Structure formats: structure tokens, C-alpha cells
Amino acid sequence: IRVVGDGVHLLRSTANNCGQNGISGGNATNCVLTSCTALGNNTKNFSTENEGGGGKFSKCTGITFINCNFSSNFGNGLWFDVSCTKITISGGQYILNTVAGINSNNQVSNIRVELTTFVTMNNVTTQVATAQNTAVQVCDGNNVTLAASTIVGQVGTSKTARANAP
């Protein structure tokens, strides 16, 4: 599923076991994804350093995710890259995204924020699959907030994020 344009609203949409990405977007503005699911994507083992996984969004403004599930993908769960701004993730699960095959040496994240500004994540649950994975990765991001969220490590230790991270 690819989100492009202004004012798109995806409601209870599902993209499971797709060859490269589940739900992605580019050049989208003012869009809402509600109760959408992307599970088990990147079955054709595309490079996780480029985009294979649950979904990748680039050059997007004003995108809101409400109670979505981007989990068990072979690559990053949900990735914001290159000129995204005003992204909101409210509720949902972003868990157990991992690598396989030719990507087994790459690091992946359940939520990855890169070259992106003004991101708010609230009441998000995330759990890593292996020590090689990260729950939330911010690289070259600006004004990113993670609040009232649960991060569970691979060994079952749970930590609740209470503070905002600049």
C-alpha cells in the first residue's frame, strides 16, 4: 500500500507478507492511518539499508498513525526518512521487527526516525527481537518526543519511557 497525495485516510487496512514494503508513503500531506497493520513484509529479502520492511515514508508532512501495528517484518518496522515533518504516532504496536538472509548483519529498528523533524510518539509499545535490533532509533532527527510508552527488551525486561527526549 502506498500513500501519496493530500488528505488520504487509511482505515483498518492490512499489508501482510508483501515482497518489499507493507505500507509506505512519499510526498504525502495531512494523512491519517487508523488501525492499519503491516506484518511479515520484505519476504523477497530486499536490502534493509534502503527500505525493505514494514513501511518507509519520505518527504511527508502531517502524517498521523493511530493504533497501528507494524510488527514481525524483515527490516525496519516503520521508517521516516528524508524531509518528513509533523509526524504523530499515537498508540499501537511496533514489535519484533528483525533481519534475515543477506540482511542478517544489518541493524534494524521497530521505529526509525532519520532526517526528520517534529515527531511525537505517545503510548507506543515496542519490543526488540534480537540484541542487534533497536526499539526506537533517531538519527539526524530534530524535535523528537517519546512519551508514556513501553519498551521491552529481548530478555523480557520492560521499561516505561516517561520523559521527552530532545
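Excluded from the calculations below are hydrogen atoms, water molecules and symmetry mates; all remaining heavy atoms, backbone and side chain alike, are included. Please read these numbers as outputs of a predicted model, since none were measured by experiment.
Residues Ala38 and Gly22 approach most closely at CB-CA, 4.4 Å, considering heavy atoms. Pairing each heavy atom of Val124 with each of Met121, the nearest pair is CG2-CB, 4.2 Å. For Val3 against Leu10, the heavy-atom pair with the smallest separation is CG2-CD1, 3.7 Å. The two residues Asn16 and Asn41 come nearest to each other via the heavy atoms C-OD1, 3.5 Å. Closest of all the heavy-atom pairs between Ser24 and Gly55 is OG-CA, 3.6 Å. When every heavy atom of Val4 is checked against every heavy atom of Ala28, the shortest pair comes out as CA-CB, 4.3 Å.
Partner of Lys56 under the side-chain hydrogen bond (donor to acceptor under 3.5 Å, both in side chains) criterion, out of Asn21, Asn50, Asp81: Asp81 alone.
Put simply, Phe118 and Val144 are part of two different groups of oily side chains (I, L, V, M, F, W, Y) that touch within less than 4.5 Å, one to the next. Both Val8 and Ile89 belong to a common hydrophobic cluster when Ile, Leu, Val, Met, Phe, Trp and Tyr are linked at side-chain heavy-atom distances under 4.5 angstrom. The hydrophobic cluster containing Ile1 also contains Phe80, counting ILVMFWY residues as joined when their side-chain heavy atoms lie under 4.5 angstrom apart, directly or transitively. Following chains of ILVMFWY side-chain contacts shorter than 4.5 Å, one cannot reach Leu78 starting from Leu39, and the two form parts of different hydrophobic clusters. Note on Val138: it clusters hydrophobically with Ile63, by side-chain heavy-atom contacts below 4.5 Å among ILVMFWY residues.
Under the 4.5 Å side-chain criterion, counting only non-hydrogen atoms from C-beta, Gln107 is not in contact with Asn133. In this structure, Ile111 and Phe70 have side chains that are not in contact, with every pair of non-hydrogen atoms separated by 4.5 Å or more. Here the side chains of Arg12 and Thr37 are not in contact, with every heavy-atom distance at 4.5 Å or above. Side-chain atoms of Val128 and Asn110, non-hydrogen and from C-beta on, do get closer than 4.5 Å to each other. Within the 4.5 Å cutoff, no side-chain heavy atoms of Thr145 are placed close to those of Val119. A heavy-atom distance below 4.5 Å is found between the side chains of Thr34 and His9.
The distance between the ring centers of Tyr94 and Phe65 does not fall below 6.0 angstrom.
Separation of atoms CG (Asn45) and OG1 (Thr43) is listed at 9.0 Å; rounding is to 0.5 Å. Considering NZ of Lys86 and OG1 of Thr61, their distance stands at 7.5 Å, rounded to 0.5 Å. One distance of note links CD1 of Ile151 with OG1 of Thr126; it measures 6.5 Å at 0.5 Å rounding. The line from SG of Cys84 to CD of Glu114 is 10.5 Å long, rounded to the nearest 0.5 Å. Between Arg2 atom CZ and Asn27 atom CG the span is 8.0 Å, to the nearest 0.5 Å.
Using modelled atom types, one finds a donor on one side chain and an acceptor on the other under 3.5 Å when comparing Asp6 with Thr29. Between the side chains of Ser71 and Asn69, at least one donor N or O sits under 3.5 Å from an acceptor N or O. Judged purely by distance below 3.5 Å, without hydrogens or angles, the side chains of Thr85 and Thr117 pair a donor atom with an acceptor atom. Using modelled atom types and a 3.5 Å distance limit, the side chains of Asn97 and Asn73 yield a donor-acceptor pair. If you check the side chains of Glu51 and Trp79, you find no donor sitting under 3.5 Å from an acceptor.
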Requested in this report: Run the numbers on Cys139 and Arg112 for side chain to side chain contact (heavy atoms under 4.5 Å, CB included), then give the verdict.
Outcome: CA-CA 8 Å; Cys139 44; Arg112 181 173 177 170; 4.1 Å; yes

Query raised in the report: When you look at Asn42 and Thr48, which way does the side chain to side chain contact (heavy atoms under 4.5 Å, CB included) test go after all the steps?
Result: CA-CA 9 Å; Asn42 196 15; Thr48 57; 4.0 Å; yes

Requested in this report: Evaluate the side chain to side chain contact (heavy atoms under 4.5 Å, CB included) criterion for residues Phe74 and Thr98: first the C-alpha distance (whole Å), next the side-chain angles of each, then the deciding distance (0.1 Å), finally the verdict.
Outcome: CA-CA 5 Å; Phe74 301 106; Thr98 190; 4.2 Å; yes

**Report entry** side-chain hydrogen bond (donor to acceptor under 3.5 Å, both in side chains) between Thr150 and Thr125, intermediate numbers included
**Finding:** CA-CA 5 Å; Thr150 301; Thr125 300; 4.8 Å; no

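When atom types are taken as modelled, the side chain of Asn76 and the backbone of Ser109 share a donor-acceptor pair closer than 3.5 angstrom. In terms of modelled atom types and a separation under 3.5 Å, the side chain of Thr134 and the main chain of Val136 share no donor-acceptor contact.
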